[in-house]
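Here the structure comes first, spelled out in structure tokens, and everything after it is commentary.
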Amino acid sequence: MTVKKTNWKFAVFLGLLCLIVIPPTLAYADDDDDAEDIVESLGWVAVGAGIVANVPFIAMNKIRRYAIKTGSSTMQVAKQIRTVYKPILNFHIMLNSIGYFAGMTHGLMLSRHLDSVSLSLAIVMSVMMVSGLLLKYTSSRNSKIFGKLLHGQFGLVILLAALVVLHIVVGDD
Amino acid sequence: MKSISIVFVLFVMLSTVYTIPAVYAEEDDDEDDREGFGEMKREREHQDEGIPIGTDIGNIILYGTIAAIGVSIAYTAFKIKSSKRKSSQKS
């Protein structure tokens with residue numbers, strides 16, 4: 001069991017390392033348009049991963065809450081959602097981690113053209129990521145509640161979405 | 001202990017991977033300056049892109065974001081504290 005766990009950790013470590021090392025290497029391999037295209041694609045990977053990871057997860061949570069609120073007739077739906085909650089949560093965490101690292105690599109590779117929207121976006125993304133990690137990996141009750149409240153703040157989600165849209169609009173100009 | 005060492009190694013690798021490209025990017029900047037008027041013009045064109053840090057709108061966006069994060073963290077802490085106070089008053 002311990003050997004399996006160590007192997008699993010090693011695989012995750014290697015995967016993460018490849019994900020982080022390969023894009024910069026590609027970007028700096030040639031100082032031409034191809035490299036810039038690859039870095040730009042990383043930004044789109046981050047946006048895509050964020051949409052796929054968050055929209056179904058938020059929708060599922062809203063439906064579950066609504067089903068519990070309305071009472072007995074929709075309770076079956078809430079129970080069914082509860083059975084698939086764990087895999088969808090893991091999917092949410094995995095895709096958001098990929099999106100975060102892709103977005104950060106994209107930002108660091110294009111840090112020469114850093115503007116205030118990109119910096120604000122990086123700060124908000126990091127806050128969301130740290131609160132998510134706090135929620136997942138802490139055992140203390142207080143920090144778990146803090147992580148849960150901060151991670152689920154509607155204002156921060158709206159701010160993140162607005163900054164992503166602004167970043168795409170400003171970047172395209 | 002093992003997981004702590006893995007996290008430490010990961011942190012060191014991450015900092016190395018992110019620091020080295022940044023150093024190279026800095027060197028590229030110097031090369032651009034040395035290459036003459038054409039390159040300098042290209043640099044200025046790039047600087048015009050986006051909303052640069054230090055301008056009025058840029059500062060509003062940046063400080064607005066930091067303020068929003070600060071407010072949400074303070075609100076969360078306040079909510080936890082008030083719920084704790086309520087539960088201690090009940091018992």
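Here the structure is a predicted model, which is why all the values come from computation and not from measurement.
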ask   = In terms of heavy-atom proximity below 4.5 Å to chain A, should B:Y63 be classed as side chain, backbone, both, or neither?
value = neither

key: A:N90 atom CG, neighbour heavy-atom count above 12 within 6.0 Å   = yes

message = Is it the case that atom CG in A:L133 sees more than 12 heavy atoms from other parts of the structure closer than 6.0 Å?
response = yes

query = Is chain B contacted by the side chain of A:L156, its backbone, both, or neither, given a heavy-atom distance below 4.5 Å?
reply = side chain

ask   = Considering only heavy atoms, which portion of A:V127 lies under 4.5 Å from any heavy atom of chain B: side chain, backbone, both, or neither?
value = side chain

message = At a heavy-atom distance under 4.5 Å, which candidate from B:I60, B:T55, B:I69 has the highest pair count against chain A?
response = B:I69

remark   = Nearest heavy-atom approach of A:H92 to A:N54 is CE1-OD1, 2.9 Å

Minimum heavy-atom distance B:A77-A:F146, with the two atoms named = N-CE1, 4.2 Å

message = Let's test your reading of the structure: which of A:L119, A:L166, A:L150 forms the most heavy-atom pairs below 4.5 Å with chain B?
response = A:L150

request  = Calculate, to the nearest 0.5 Å, the distance between atoms CD1 and CG belonging to A:I123 and A:L163 respectively.
outcome  = 9.5 Å

